[in-house]
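Below: one structure, written as structure tokens.
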Amino acid sequence: MSTRLEQVAQQKLDSLNRIRTSGIDPYPGSYHPSHSTEEAMTLFIQAKTESQVSLAGRIIAKRSMGKMTFLDIRDGSGKMQLCFRQGSLEKERYDFLNELDIGDFIGAEGILFRTKRGEITLQVSNFNILCKSLRPLPEKWHGLVNVEKRYRQRYLDLISNKNVRTIFIIRSQIITMIRTFLNDRGFMEVETPMLQAQAGGALACPFITHHNTLNNDLYLRIALELYLKRLLIGGFDRVYEIGRVFRNEGISVKHNPEFTLMECYQAYADYNDMMQLVEDMFSQLATKILGTSKISIGDKTIELSSPWQRITLRDAIKEHCNLDFEDYPDTASLRLRMEQMGLEVDPNKGRGRLIDELVSSFVEPHLIEATFLLDYPVDMSPLAKKKHGSNNLVERFEGFINGMEIANAFTELNDPIDQRQRFEKQAEEQDLEGETEVSDEDFLSALEYGMPPTGGLGIGIDRLIMLLTGQNSIREVILFPQLKTKATSSSKQSEIEDD
RNA sequence: GGGCCGUUAGCUCAGUUGGCAGAGCACCUGACUUUUAAUCAGGGUGUCGUGGGUUCGACCCCCACACGGCCUACCA
């Protein structure tokens with residue numbers, strides 16, 4: 001007894017063997033089509049005379065009518081109907097069509113014509129199999145719907161669902177546009193270590209790994225910040241990196257353990273310049289991708305062109321929580337006030353984390369329109385420069401769209417003494433919160449050589465792509481999102497062996 | 001971590017107070033020289049997520065587990 005899948009696989013294997021027996025290589029080395037299907041379409045429409053072309057692609061439909069067969073093939077650019085007529089091919093070649101199934105790749109040459117129904121079609125005079133497929137593709141009409149299978153076998157999702165394919169094409173275009181945008185402004189793209197002795201630049205739980213030869217533990221980076229700043233110290237005035245960072249935290253529709261971050265740093269600039277940069281970048285991206293600077297999410301329309309709304313963090317919390325954090329200058333008093341408001345307060349959290357909790361719970365959900373929250377407390381921003389004339393606020397903003405944090409920027413702290421004190425204070429609070437991390441001496445000593453005044457910006461690329469493609473789950477814009485590894489019989493076996 | 005929902009043929013989905021497991025597509029055989037979700041005639045099909053339990057009898061009821069989705073929690 002065998003399953004349907006096994007029976008189909010056997011049928012395809014039988015076909016493969018018949019092909020081999022007949023002396024044909026079912027997996028030839030190369031085939032060089034003269035045109036893509038899209039180019040062939042254009043050629044036919046523009047050319048007055050009959051055009052001889054060769055095409056290659058995957059068979060996605062087969063309609064046989066006895067002595068005449070139509071195949072639809074698809075390549076990276078589009079699709080084309082192929083017409084095979086017994087009168088135009090040797091009988092042996094025509095009969096070979098029996099060995100071609102949906103899913104196989106073929107190359108075909110012939111002359112383009114238009115059918116009675118008006119479809120541009122290739123009249124095939126010769127063809128070759130380029131790859132024999134051994135598994136059936138998902139159903140043609142409904143496509144692949146099973147979400148788990150779509151993520152685990154994304155190639156099937158891409159074959160079946162054109163809108164999925166489009167999302168990832170747009171993703172690629174957006175990232176190219178960001179590079180062009182920054183390059184045009186004199187930024188230089190760089191690459192910095194993903195394996196780091198210390199995971200700094202953000203407060204997040206890192207992944208830990210081990211280098212065997214060096215015999216020391218290393219961390220996968222959680223941010224790009226501290227190495228990019230070293231490059232400003234080194235004399236590159238405008239640098240950026242678009243790269244993967246890794247955070248060992250929860251998975252949700254807005255979080256994947258590895259995600260793509262863009263950080264850029266501009267010497268002699270401050271957070272106001274970064275705000276302008278964000279406004280320019282986002283409105284330009286939207287205009288190029290969508291043809292308008294407005295994005296539609298559900299029934300909401302959000303304008304991305306300059307200027308975005310600006311509100312200080314203090315005023316935003318006042319408005320949504322009826323609480324002025326300046327009235328509560330220390331952790332204890334703020335915690336007391338929050339408890340009086342009926343909130344459950346984590347006793348290990350410091351003042352910065354408490355304020356952050358107020359923001360994410362009460363303020364963020366209301367920031368639908370493109371909004372900059374300005375001027376954060378120093379407690380929650382150890383790498384940002386203090387606001388001129390203030391001892392407890394820093395020049396920092398976060399950008400929000402549709403209730404989602406999308407950008408984070410500050411005027412970078414370049415006072416090495418202040419930076420050392422911030423690290424020390426942060427270390428104290430982390431001890432209270434049960435985390436331990438030593439300050440980054442290597443970064444501090446770099447800073448002591450002198451870093452120019454600098455504006456820095458970070459943008460979550462995946463979330464930006466969600467906005468511009470109208471997706472509400474980050475997994476829809478990451479080709480292979482993180483899923484739990486399914487135990488296979490062999491891995492179960494190895495677990496037993498490990499025990 | 002908690003809650004709710006889901007898991008049936010390769011794919012998309014039905015199904016039953018608890019009484020032989022169903023359809024469309026795909027696949028196989030046959031017919032067909034302008035089809036295009038081709039059509040027509042015929043055909044095959046399954047660990048009903050996994051493991052227990054209740055029952056004369058479980059895809060269905062109960063328990064546990066796995067995986068996924070959404071919500072929530074966590075999250076610089």
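Chain naming here is simple, since letters A, B, ... match the order of the sequence lines and numbering starts at 1 in each. Model, not experiment: these values are computed from the prediction.
If you take atom P in B:rC28 and the same atom in B:rU34, they sit 23 Å apart, rounded to whole Å. Atom P of B:rU16 sits at a distance of 13 Å from the matching atom of B:rG22, rounded to the whole Å. B:rG57 and B:rC40: their C1' atoms are spaced 43 Å apart (whole Å). A gap of 16 Å separates the P atoms of B:rU8 and B:rC61, to the nearest Å. If you take atom P in B:rC13 and the same atom in B:rG51, they sit 25 Å apart, rounded to whole Å. Nucleotides B:rC60 and B:rC48 have their C1' atoms positioned 10 Å apart, rounded to a whole Å. Between the P atoms of B:rU7 and B:rG15, the separation comes to 11 Å (whole Å). For B:rU29 and B:rU12, the P atoms lie 26 Å apart once the distance is rounded to whole Å.
For A:K12 and B:rA26, the NZ to P distance is 12 Å, given to the nearest whole Å. Between the CG atom of A:N98 and the C1' atom of B:rG30 there is a distance of 12 Å, given to the nearest Å. If you take CG of A:L383 and C1' of B:rA76, they are 9 Å apart, rounded to a whole angstrom. Going from atom CD of A:Q81 over to atom C1' of B:rA37 covers 13 Å, rounded to whole Å. Counting to the nearest Å, the C1' atom of B:rC28 and the CD atom of A:Q11 are 6 Å from each other. Rounded to whole Å, atom P of B:rC27 lies 11 Å from atom CG of A:D104. Regarding A:M404, its CE atom lies at a distance of 17 Å from the P atom of B:rA76, rounded to whole Å. Distance A:W141 CH2 to B:rA23 C1': 18 Å, rounded to the nearest Å.
Surrounding CG of A:N472 are at most 12 heavy atoms belonging to other residues, nucleotides or ligands under 6.0 Å away. Taking a 6.0 Å sphere around CZ of A:R152, one finds it holds more than 12 heavy atoms contributed by other residues, nucleotides or ligands.
If you look at A:F127 and A:F84, their ring centroids are closer than 6.0 Å. Taking the ring centroids of A:F410 and A:Y271, they lie at or beyond the 6.0 Å cut-off.
With 3.5 Å as the limit, one finds no donor-acceptor pair spanning the side chains of A:T121 and A:T115. Between the side chains of A:R63 and A:Q81, at least one donor-acceptor pair of N or O atoms lies under 3.5 Å. A:Q419 and A:D415 share no side-chain donor-acceptor pair at under 3.5 Å.
Pair check for B:rG1 finds B:rU72; Watson-Crick or G-U wobble, both atom distances under 3.5 Å. B:rG42: Watson-Crick or G-U partner is B:rC28, with both key distances under 3.5 Å. Shown here, B:rC61 forms a base pair with B:rG53; the pair counts as Watson-Crick or G-U wobble because both key distances fall under 3.5 Å. B:rG6 is paired with B:rC67 under the Watson-Crick or G-U wobble criterion, all donor-acceptor distances under 3.5 Å. B:rG22 is paired with B:rC13 under the Watson-Crick or G-U wobble criterion, all donor-acceptor distances under 3.5 Å.
Among B:rA37, B:rU45, B:rU34, the nucleotide with an atom closest to any side-chain atom of A:K140 is B:rA37. Looking at the side chain of A:F70, the nearest of the listed nucleotides B:rU35, B:rC27, B:rG46 is B:rU35.
Ring geometry for A:W308 versus A:F372: interplanar angle under 30°, hence parallel rather than tilted (30 to 60°). Taking the six-membered ring where the residue is Trp, A:H366 and A:H320 present parallel rings, their angle staying beneath 30° rather than reaching 60°.
Residue contacts shown for A:R152 are limited to sugar-phosphate atoms, with no base heavy atom under 4.0 Å away. Residue contacts for A:G143: at a heavy-atom cut-off of 4.0 Å it reaches the sugar-phosphate backbone alone, with no base atom in range.
Panel note: side chain A:R221, backbone A:G201; no donor-acceptor pair is recorded below 3.5 Å.
Each of A:G201 and A:Q482 lies near RNA chain B, and the nucleotide nearest A:Q482 is the one positioned closer to the 5' end. Residue-to-nucleotide proximity on RNA chain B shows that, of A:G87 and A:S64, the 5′-proximal contact is made by A:G87.
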Could you list, one pair per line, each protein nitrogen or oxygen that sits under 3.5 Å from a nitrogen or oxygen of nucleotides 7-10 of chain B, together with the distance?
unit_1: B:rG10; atom_1: OP1; unit_2: A:L5; atom_2: N; d: 3.2

Q: Could you please spell out the steps behind the side chain to side chain contact (heavy atoms under 4.5 Å, CB included) verdict for A:Y265 and A:L232?
A: CA-CA 8 Å; A:Y265 292 83; A:L232 273 104; 3.2 Å; yes
Q: Mark up nucleotides 69-75 of chain B, 5' to 3', with B wherever a protein heavy atom is under 4.0 angstrom from a base atom, S wherever such an atom reaches only the sugar-phosphate, and - elsewhere.
A: SSS---B
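A salt bridge does not link A:R335 with A:E339: every distance from a Lys NZ or Arg NE/NH1/NH2 to an Asp or Glu carboxylate oxygen is 4.0 Å or more.
Evaluation of atom-type donor-acceptor distances gives a pair under 3.5 Å for the side chain of A:R85 against the base of B:rU34.
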